[in-house]
Amino acid sequence: MSEKKFIPLSVPNFSGKEKEYVNDAVVSEWVSTGGSLVPKFEQAIADYVKMPRGVACNSGSSGLHLAMMMAGIGEGTEVLVPTLTFIAAVNPVRYAHAQPIFIGCDDSLCISPSLVEEFLQANAKMEDGRCINKITGAWIKAIVVVHVFGNLADMPALMKLAKAWNLVVIEDSTEALGSYYTEGEYAGKYAGTIGDVGVYSFNGNKIITTGAGGMVVSNHADWAEHAKHLSTQAKADELNFVHDEVGYNYRLTNLQAALGLAQMEQLEGFIAHKQKMYDFYKEHLDGKNHYRILPFREGTRSNHWFYSLYVEDSHPMKRDEIIQRLQQEKIQTRPIWALIQDQADYHKNQRYGDKLAYHYLEHIVNIPCSTNLTQEDAQRVVDVLLSL
Ligand SMILES: *Cc1c(COP(=O)(O)O)cnc(C)c1O
């Protein structure tokens with residue numbers, strides 16, 4: 001029998017003009033933070049999500065840090081965040097010397113508007129247009145919404161709450177480039193463009209990649225300008241090295257932008273492929289052998305970035321055993337994130353409504369979803385899962 005092929009969880013796909021564009025950039029010798037491709041890539045992303053401009057940065061994490069500073073998050077303020085997500089969505093709150101308040105999820109795995117509302121009703125009051133935490137006395141100034149696995153959060157409900165409590169809305173859209181609402185008040189609106197600030201990531205496992213990289217968009221032109229300023233060392237007078245605040249070197253390079261431009265040409269194709277393989281898994285696994293394939297929100301076009309296999313309690317195996325058995329078959333999968341409220345340094349922060357988050361954490365396995373996953377590979381994943 002031939003050696004079994006390794007099926008990775010999520011890897012890059014460079015079947016477009018990546019090599020050509022990167023080669024051109026190297027030949028031109030514009031490989032660092034100068035060059036024409038960074039603004040070109042910024043415009044490509046902005047045009048795609050229908051925003052006036054994008055501000056490139058060197059990771060989604062630095063983009064989220066910029067978002068905190070754009071929103072004026074600082075000492076004495078607090079930020080509502082999801083407890084079920086990747087830690088990069090929350091750490092920037094601490095970089096900005098503020099504190100997170102952890103909120104549980106709904107069935108979309110995204111932050112639950114009803115839990116946010118319950119928490120605020122019980123623990124906050126409005127004072128001079130500020131949402132004040134009655135327990136800590138701090139100003140709850142913003143909410144971070146993560147569109148988990150490319151699935152849009154309940155933005156109509158979240159935006160209503162943000163308006164009522166005067167909260168800045170930061171959309172962590174690092175997993176959701178290409179997802180948009182098709183129905184309702186936000187029909188046609190892309191993930192990242194509904195709140196005040198949106199952040200995308202081009203890390204290697206995301207739907208498109210620049211190796212590492214990120215992009216910030218904002219519905220406030222001056223906030224976007226501020227993000228550009230902060231990400232380029234806050235130069236007030238470039239020639240004379242005058243800086244008017246503490247800035248950062250969060251720039252993307254021309255080489256990375258070359259990759260990004262080639263990837264953007266393929267984004268819609270990637271999404272179509274992800275959708276097709278999702279439908280394949282759904283057909284063969286949903287409702288079979290105590291599995292469910294979790295759906296994406298109705299009234300949206302999701303980018304289908306990650307697929308969630310939900311393992312019912314009635315299944316003879318627990319999550320970790322399933323992951324291990326797949327690993328023995330050279331199929332890479334993973335559990336979802338341990339809750340951030342349980343991570344080092346976050347034990348003392350307020351939290352509310354984590355029951356469903358723990359439940360999903362214990363029951364979900366992410367299964368292979370690369371944009372170059374073949375039907376043959378997916379069939380092997382299905383066959384192993386059905387044999388367990
Ligand atoms: C990937 C990711 C980030 C961080 O992006 P990087 O580019 O890896 O820094 C932030 N939040 C979430 C939810 C992510 O999945």
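Residues: numbered from 1 along the sequence shown. When a ligand or atom number is given, it counts from 1 through the structure's own listing order.
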**Asked** Going by atom types alone, do D383 and Q379 pair a side-chain donor with an acceptor below 3.5 Å?
**Response** yes
**Prompt:** What are the atoms of ligand 1, with element, lying closer than 4.0 Å to any heavy atom of A88?
**Reply:**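 Every atom of ligand 1 under 4.0 Å from some heavy atom of A88: 3 (C), 4 (C), 10 (C).
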**Prompt:** If you measure only the distance, is there a donor-acceptor pair under 3.5 Å linking the side chains of T371 and H273?
**Reply:**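 The criterion, which ignores hydrogens and geometry beyond distance, is not satisfied for H273 and T371.
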**Request:** Step by step, work out the side chain to side chain donor-acceptor pair (under 3.5 Å) result for Q350 and N123.
**Result:** CA-CA 11 Å; Q350 268 179 294; N123 300 292; 4.6 Å; no
**Asked** For ligand 1, which atoms sit closer than 4.0 Å to a heavy atom of V146?
**Response** 13 (C)
**Verdict with supporting geometry, Y248 and Y95, ring-ring contact (aromatic ring centres under 6.0 Å, His included)** = CA-CA 13 Å; Y248 300 81; Y95 304 162; 9.1 Å; no
**Message:** Suppose we measure from atom 11 (N) of ligand 1 to each protein heavy atom; which comes out shortest, and what is that distance?
**Reply:** D172 OD2, 2.7 Å
**N349 side-chain N/O to P100 backbone N/O, donor-acceptor pair under 3.5 Å** = yes
**Message:** Looking only at protein heavy atoms, which one is nearest to atom 2 (C) of ligand 1, and what is the separation?
**Reply:**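 Result for atom 2 (C) of ligand 1: K206 NZ, 2.9 Å.
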**Complete:** atom 15 (O) of ligand 1: closest protein heavy atom, distance to 0.1 Å, is E175 OE2, 2.5 Å
**Request:** Check ligand 1 against S59 and write out every atom of the ligand that is under 4.0 Å from a heavy-atom position of the residue.
**Result:**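 Within the 4.0 Å cut-off of S59, ligand 1 contributes 7 (O), 9 (O).
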**Request:** Take the angle between the ring planes of H315 and Y291 and call it parallel below 30°, perpendicular above 60°, tilted in between.
**Result:**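 Ring orientation, 0 to 90° scale: tilted.
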**Request:** Could you tell me if any non-hydrogen atom of L64 lies under 4.0 Å from any atom of ligand 1?
**Result:**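 True for this residue.
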**Prompt:** Considering distance alone, does some N or O of G60 sit under 3.5 Å from an N or O of ligand 1?
**Reply:**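 N/O-N/O distance under 3.5 Å: yes.
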**Asked** How far is atom 12 (C) of ligand 1 from its nearest protein heavy atom, and which residue and atom is that?
**Response** T174 OG1, 2.9 Å
**Request:** May I have the step-by-step check of ring-ring contact (aromatic ring centres under 6.0 Å, His included) for Y21 and W30, ending in yes or no?
**Result:** CA-CA 12 Å; Y21 292 177; W30 288 98; over 10 Å; no
**T85: numbered ligand 1 atoms lying under 4.0 Å from its heavy atoms** = 13 (C)
**Message:** Checking Q233 against H243: is there a side-chain donor and acceptor pair closer than 3.5 Å?
**Reply:** no
**Proximal atoms of ligand 1 relative to N203 (non-hydrogen, under 4.0 Å)** = 7 (O), 8 (O)
**Item:** Protein heavy-atom partner closest to atom 9 (O) of ligand 1 - residue, atom, separation in Å
**Value:** S61 OG, 2.6 Å
**Prompt:** So do the side chains of V169 and I194 get within less than 4.5 Å of each other, counting heavy atoms only?
**Reply:** no
**Residue selection (non-hydrogen contact nearest atom 5 (O) of ligand 1) among P92, S201, A89** = S201
